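Here's the structure, in structure tokens; my notes come after.
These numbers come from a predicted model, not from an experiment. First listed ligand is number 1; within each ligand, the first listed atom is number 1.
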Amino acid sequence: MATGQLFSRTTQSLFYNYKQLPIQRMLDFDFLCGRETPSVAGIINPGAEGFQKLFFGQEEIAIPVHSAIEAACAAHPTADIFINFASFRSAAASSMAALKQPTIRVVAIIAEGVPESDTKQLIAYARANNKVVIGPATVGGIQAGAFKIGDTAGTIDNIVSCKLYRPGSVGFVSKSGGMSNELYNTIARVTDGIYEGIAIGGDVFPGSTLSDHVLRFNNIPQVKMIVVLGELGGRDEYSLVDALKQGKVNKPVVAWVSGTCARLFKSEVQFGHAGAKSGGEMESAQAKNQALKDAGAVVPTSFEALENSIKETFEKLVEEGKITPVKEVKPPQIPEDLNTAIKSGKVRAPTHIISTISDDRGEEPCYAGVPMSSIVEQGYGVGDVISLLWFKRSLPRYCTHFIEICVMLCADHGPCVSGAHNTIVTARAGKDLVSSLVSGLLTIGPRFGGAIDDAARYFKDAYDRGLSPYEFVENMKKKGIRVPGIGHRIKRGDNRDKRVELLQRFARTHFPSVKYMEYAVQVETYTLSKANNLVLNVDGAIGSLFLDLLAGSGMFTKQEIDEIVEIGYLNGLFVLARTIGLIGHTFDQKRLKQPLYRHPWEDVLYTK
Ligand code: Q5B
């Protein structure tokens, strides 16, 4: 590997698997460093295409999303870093596909648990083709002030406090991603900061090794000293020992191999990383620290002393005039995300919707405060759910039973009524379920099924004002208004609507009072004296009986009843019920494979 710079201020990457947070963190880092172009040129999200909106400073930018690696590389030929956030199951295959792209130079693999045999193949392919693999099981790496992989260095606050927004003089390589954060901080405290930091990952076979990066740092003129953080297990550190002994590294190296505590345990201990377990003595932290020291690295006596070793090495280089500490710059302020600011109580924002009937933010959705589990466990029915979601309260059982009877009785009335006819015609025109359904629903109105609200309004007004049925009907006639809830196309005085009879019988048995319904019956008696089809129809029966339910249940104030009638809740019962039938008619037509409907000419009066 050797050679030098992996990244620069113009480096761009392709990000595999859409993960909003690490991408946003990369873009925030870009802004902090004053980059002109975002470091993520494209996102690869298998199976998805389009754009993802993300912030670049204060502005939103649209980053192209590609469904395949090949397409992304073709669209962004200058993006040469592949940041792979695939799961351990698909990380190897996607990394190999990326390595095979001529435009990709470096692949960073974040996933832990990639099979070692797969990693070995990736390493072999990368070596043979002069490409670099960072990871697996890594947080990535960073070139201060230039380019950052994914979540490296954590939050923006941490990046600012570690001065990673501008380059320093220290090259740093670590096995551990978590510990690299710690060391970014330490190095920022006692030197002029990081030039580049790489976490190679904690697997037994890392895509690139500690010595690979040390030798590379040795070739980067801006890197004046190198800090290495190894760990027990494996022999990676010995290739660095060899490089030091062979004089391949001419910059000061401060090194520490952590895991010296392993000797305190009686048996072998597996630490956090797959590779972090001491096998033989050679793999112990003590042996590796000693070997590094013998090879010429500055090795402290403990991890606590590492900070001082770094400090002394840096100050010596300054004294010798080999380092002129960089001038401090003030990074720009990254605008805080609204959600974070709200959470911390710094700002408040108006909501755009108000809702009082349901809430799905808790463990389970609630209808008017009643959790789903209670609805199921307490044997609630559709009537109870309607009473919660429409009326925001649990109504007595006879009321919810009445609602359920309304739904059942109005679910369908054959294929010839307006709604079913429209649905059938639409379904036969090849339209889908929702189109067929709404085409039928749209016929519900003042003449068909949607007279319940007006029936309730007019009957209530007439009854409450004490009008006799005669006065009421004749007043309506004078105004030229048909009495809503009265009249039917096929039902007659001698062929009553069975639904009306059933509803009346139920209400007479269970309702405390049926005064509005009795008034409607008196109106019917009068209208029937005018014409035999002017029966109390199903809309009129439901409208008048619901007035009785509202007034008699004791669950509603007068004001609430007026509001329900005024807003017009009750047509909802017909809409809800008839939806069941209209869906049935749609399925029926589809099942019967009925062709396009055309109305017969003979059934139309053509006239001038
Ligand atoms: N006349 C329902 O009319 C219908 C009068 C009236 C005073 C009245 C008509 C009407 C009010 C709206 C209403 C719901 C259009 C009906 C439903 C669901 C359904 C449907 C299904 C299902 C029927 C003949 C004469 C005229 C009119 C007079 C009629 N209605 N006078 N008040 N309400 N009702 N809708 O038969 O002197 O000859 O000029 O608008 O409640 O939709 O099964 O099909 O489940 O699907 O076409 O049950 O009653 O009568 O228009 O020929 O009128 O009676 O003024 O008098 P028709 P028309 P005149 S339930």
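Counting heavy atoms from C-beta on, the side chains of His585 and His421 never come closer than 4.5 Å. Side chains of Val385 and Tyr367 form a contact here, defined as non-hydrogen atoms less than 4.5 Å apart.
Contacts between Thr527 and ligand 1 below 4.0 angstrom, taking non-hydrogen atoms only, are absent altogether. Counting heavy atoms closer than 4.0 Å to ligand 1, residue Lys491 contributes nothing at all. When heavy-atom distances to ligand 1 are checked against a 4.0 Å cut-off, His488 comes that close through both its backbone and its side chain.
By the 4.0 Å N-to-carboxylate-O rule, Arg496 lies too far from Glu501 to be salt-bridged with it. Under 4.0 Å is where a charged nitrogen must lie from a carboxylate oxygen, and between Asp454 and Arg457 at least one such pair does. Taking 4.0 Å as the cut-off between side-chain N and carboxylate O, Arg393 and Glu560 count as a salt-bridged pair. Between Asp494 and Arg492 there is no salt bridge, since none of the side-chain N atoms of the basic residue sits less than 4.0 Å from a carboxylate O of the acidic one. Electrostatic pairing of Glu404 and Arg397 counts as a salt bridge here, judged by a charged N lying under 4.0 Å from a carboxylate O. We find that Lys478 and Glu471 are not joined by a salt bridge, their nearest charged nitrogen and carboxylate oxygen being 4.0 Å or further apart.
The shortest N or O to N or O distance between Asp539 and ligand 1 is not below 3.5 Å. Residue Val483 has at least one N or O atom closer than 3.5 Å to an N or O atom of ligand 1. Below 3.5 Å of separation, one finds an N or O of Gly485 facing an N or O of ligand 1. Among the atoms of Gly449, some N or O lies under 3.5 angstrom from an N or O of ligand 1. Residue Arg489 has at least one nitrogen or oxygen atom sitting less than 3.5 Å from a nitrogen or oxygen atom of ligand 1, judged on distance alone.
Taking atom 45 (O) of ligand 1 as the reference point, the nearest protein heavy-atom neighbour is Arg499 NH1, 2.7 Å. Protein heavy atom at the shortest distance from atom 35 (N) of ligand 1 is Arg447 O, 2.9 Å. Nearest protein heavy-atom contact of atom 22 (C) of ligand 1 is Arg578 NH2, 3.5 Å. For atom 26 (C) of ligand 1, the closest non-hydrogen atom of the protein is Arg482 NH2, 4.3 Å. In terms of protein heavy-atom proximity, atom 28 (C) of ligand 1 is nearest to Leu534 CD2, 4.2 Å.
The closest donor-acceptor contact from the side chain of Ser13 to the backbone of Phe15 lies at 3.5 Å or more, if one exists at all.
There is no protein heavy atom closer than 4.0 angstrom to atom 38 (O) of ligand 1. For atom 13 (C) of ligand 1, the nearest protein heavy atom lies closer than 4.0 Å. Note that atom 20 (C) of ligand 1 has protein non-hydrogen atoms nearby, at separations under 4.0 angstrom. Protein heavy atoms are absent from the space less than 4.0 angstrom from atom 52 (O) of ligand 1. Counting only heavy atoms, the protein gets under 4.0 Å from atom 43 (O) of ligand 1.
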task = Start with the C-alpha gap between Tyr569 and Phe546, add the side-chain angles, then the distance that decides, and say whether ring-ring contact (aromatic ring centres under 6.0 Å, His included) holds.
result = CA-CA 10 Å; Tyr569 282 34; Phe546 226 98; 8.9 Å; no

ask   = Checking side chain to side chain contact (heavy atoms under 4.5 Å, CB included) for the pair Leu14/Thr103: CA distance, chi angles, key distance, verdict?
value = CA-CA 11 Å; Leu14 294 174; Thr103 52; 5.9 Å; no

query = Is there a side chain to side chain contact (heavy atoms under 4.5 Å, CB included) between Phe459 and Val565 once you walk through the steps?
reply = CA-CA 11 Å; Phe459 285 141; Val565 172; over 6 Å; no

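Between atom 49 (O) of ligand 1 and the options Ala531, Cys410, Gly487, the minimum heavy-atom separation is to Gly487. Looking at Leu536, Thr443, Ile486, Val538, it is Ile486 that brings a heavy atom closest to atom 33 (N) of ligand 1. Of the candidates Asn537, Asn533, Ile542, Asn533 brings a heavy atom nearest to atom 36 (O) of ligand 1.
Close contacts of ligand 1 with Pro446, meaning ligand atoms under 4.0 Å from a residue heavy atom, involve 12 (C), 13 (C), 35 (N). Remark: ligand 1 atoms within the under-4.0 Å shell around heavy atoms of Phe448 are 20 (C), 42 (O), 46 (O). In summary, the atoms of ligand 1 found under 4.0 Å from a heavy atom of Ala451, numbered by their order in the structure, are 13 (C), 35 (N), 41 (O).
Summarising the geometry, atom CZ belonging to Phe56 is positioned 10.5 Å from atom CD belonging to Gln24; distances are rounded to the nearest 0.5 Å.
By the salt bridge (charged side-chain N to carboxylate O under 4.0 Å, His left out) test, Asp562 pairs with Lys460, Lys558, sequence neighbours left out.
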